[in-house]
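Just so it is clear: chains get the letters A, B, ... in the order the sequence lines come, proteins before strands, and each one is counted from 1.
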Amino acid sequence: MSILRENTVPVEQKAMGPVVRRRLTPTVIVYLALVALLVVGSVLVGLRGEVLLDQGGILNILTRATALGLVAIGQTMVILTGSLDLSVAYLVGLTSLIAAETMAGRDGMLVPGVLLALAVAAGVGLVNGLVITVLKANAFIATLGVALILRGYLEDNYTGPAGDVPRGFQHLGYDRIGPIPVAALLMLAAAALAWWYLSRTRPGYHMYAVGGDIEVARLSGVPTRRVIVTAHVLCSLAAGLTGIYLASRLGSGAPYVGTDAGYDLESIAAVVLGGTLLAGGRGGVVGTIGGVLILATLDTIFDDLEVDPFFKDVVRGVVLVTAVALYARRMIASRGRGRLA
Amino acid sequence: MTWRPRLAEGTAPVLVVLFVLLLGLAIAGPAYAEPSGYLALLKRAAPLMILAIGQYFVIVSGGFDLSVGALVTAGVVIAARLINGSESATARVILLVLGFGLLVGLVNGLVTTKLLVPSFIVTLGMLLVLDGAIFLWTGGAPRGALSAGFRMFGRGAVEVPVLGEVPWSVLILLAILVAAALFMRGGTGRALVAVGDNEAAVRLSGGQVDRLRLLAFVLSGLLAAVAAILLGGFAGVSAQVGDGLEFRAITAVVLGGVLLGGGRGSVVAAAAGALSLESLFTLLNLLGVSGALESAVQGVIIIAAVAYASLGSGVRQRLRWWPKQRSSAAPAQPASS
């Protein structure tokens, strides 16, 4: 099922001494890198006579991290099961429109709007999952196809922002406790929930099993199809939440809010930066949040330094490849085992 | 059944689809009643077909190249800025663009094989780097202009005996296609497919796995540069010229029955997939389907094609391969058609 089969068998554990290896998991590296980035960034911004981590800076980082974080949490689950989802960007736009248009400025329609957006998101996730499991289409193509269908719908029906979010709902996007936006806390709560689901429940374990080796999982009695469909539904729900959050921030729905930010490839980058194997079976939400925070911090630092926005992309690309090269070095002790998709 | 084994697995459906689409074009559009219409179609499709051929090399050896769209944009923007309308610089800049494509492919390949980073990530990183770097260099908007000599390859035509006027891009496409088909019939081509099918087996039998994959990325980069030259000539300078081409090329390759993950499929079928995609867009256009719905139709079709291929292959495989089981060490199928 996975397009990115990788014959990396974790048998090389003895090579470096188990204790060191356990301490320096990719997750730990991500957070160490985040701290280092914050220190370096603070110094660089400090040289200009400004402060990186003042109220505005923290707010900036967390606001940037919220939307991408939500998408990336879902993407983590899908990638862990050995799949991937390229349809999230258009789904974010679609759900923002559904939420905003259903609400149409009326406070009473707040809950129906949110529920309808989530229902549509779950439906899209179900389609993704079923196309992959029942029609046996490759995840890359299946979700790319669904993304194109969503894009066609959006392009056919919308030319710009539509719908209207009631004032009360905008609190979700703008309220904060001190420098910390409420929405960021909700995102972290979602991450905690996902962490609990993946590491403390049976269906969560099944996701790792399916991502590790789908045949072994199937032979061990794991309902692999159901696991993959569940992962895709959860991923789409996360994208739906992102759409709702962005609708609340923008005050209306916007068809290309997800694609303009490149949430499809960006979320995959964040997940992989967070130490999750693209081939599935290893990693987790904690690392993903670290990866998202690194990307958000980089953006904020560059903004403070007034660096050309295009330079950000260059750095992002280099950081991504370097990080994954680092993890790969640590994962694959001996050559010849790596089947790199 | 006498001709059938000559087709690589998965090639037949795309040829049927292509035939139906071309037939549809002939019925829907009066322009397609004569060869010149098809020649124009081929000219339009040439860049995508060349990209698909490049992408085929990478996909069949088990990888992805997401950087080709950004590379096409980079090629066009670089050429426009360096030529800046002066005819004398044309030849030099064309070589430079080809060299740039080669270099990008080389970096993609080296990072994938030496640093053990999955190619999906490497080429995604390359996409970001190229996009950012090109716009950094040009300051946000492409500047300069292409010379007539440069644009000739994309939109010019040359007088060929018997056939009459044939666009340059069609000739270039045919040359590349023939070269690619011959290459895939040779030892190196077969080894490339084998790497996608079973890398460990190739390694154990002494094949140069890393070198083969590097070659695939270099070819993909080089062909993306060729596509950039054709597209720059055909469509002119814009910063959006390569947008989404990577996904379109991958779609085309998959439509051609090539297995993502590698090991199966033929290069001619990949090119046929690209031509089918372009014919489909043309047909939708002729039928008056709004441009907005085009992508939706594309989405449905690629899902259907892949689902057909993977659902069908189980049945086909059982019927055809049960008596003589394939040994896993051998290359899957000679890539030919």
Would you call the rings of A:F140 and B:F120 parallel, tilted or perpendicular, where under 30° means parallel and over 60° means perpendicular?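 Ring orientation of A:F140 relative to B:F120: perpendicular.
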
In terms of heavy-atom pairs under 4.5 Å with chain A, which of B:V306, B:L136, B:L124 leads?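 Option with the top pair count is B:L136.
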
Report the option among B:I250, B:T251, B:V122 that has the most heavy-atom pairs separated by less than 4.5 Å from atoms of chain A.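 Result: the option with the highest number of such pairs is B:I250.
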
If we define contacts as heavy-atom pairs under 4.5 Å, which of [options] has the most with chain B?
options	answer
A:I141, A:V321, A:V319	A:I141
A:L144, A:V131, A:D308	A:L144
A:V272, A:D313, A:V318, A:L320	A:D313
A:A142, A:G262, A:A325	A:A325

Can you see which heavy atom on [X] is nearest to which on [Y], and at what distance?
X	Y	value
B:V195	B:S61	CG1-O, 3.8 Å
B:L71	B:A224	CD2-CB, 3.6 Å
B:S295	A:L148	O-CB, 3.2 Å

[X] vs [Y] side-chain heavy atoms within contact, under 4.5 Å:
X	Y	result
A:S87	A:D264	no
A:D299	A:R316	yes
A:V30	A:L273	no

Segment of [X] engaging chain B (4.5 angstrom heavy-atom cut-off):
X	result
A:I268	side chain
A:V315	neither
A:V146	both
A:L154	neither

Against chain A, label B:V111 side chain, backbone, both or neither, depending on which of its atoms sit under 4.5 Å from a heavy atom there.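 The answer is the side chain of B:V111.
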
Option passing side chain to side chain donor-acceptor pair (under 3.5 Å) with B:S67 (candidates B:D131, B:N108, B:T123):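 The residue from B:D131, B:N108, B:T123 that satisfies side chain to side chain donor-acceptor pair (under 3.5 Å) with B:S67 turns out to be B:N108.
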
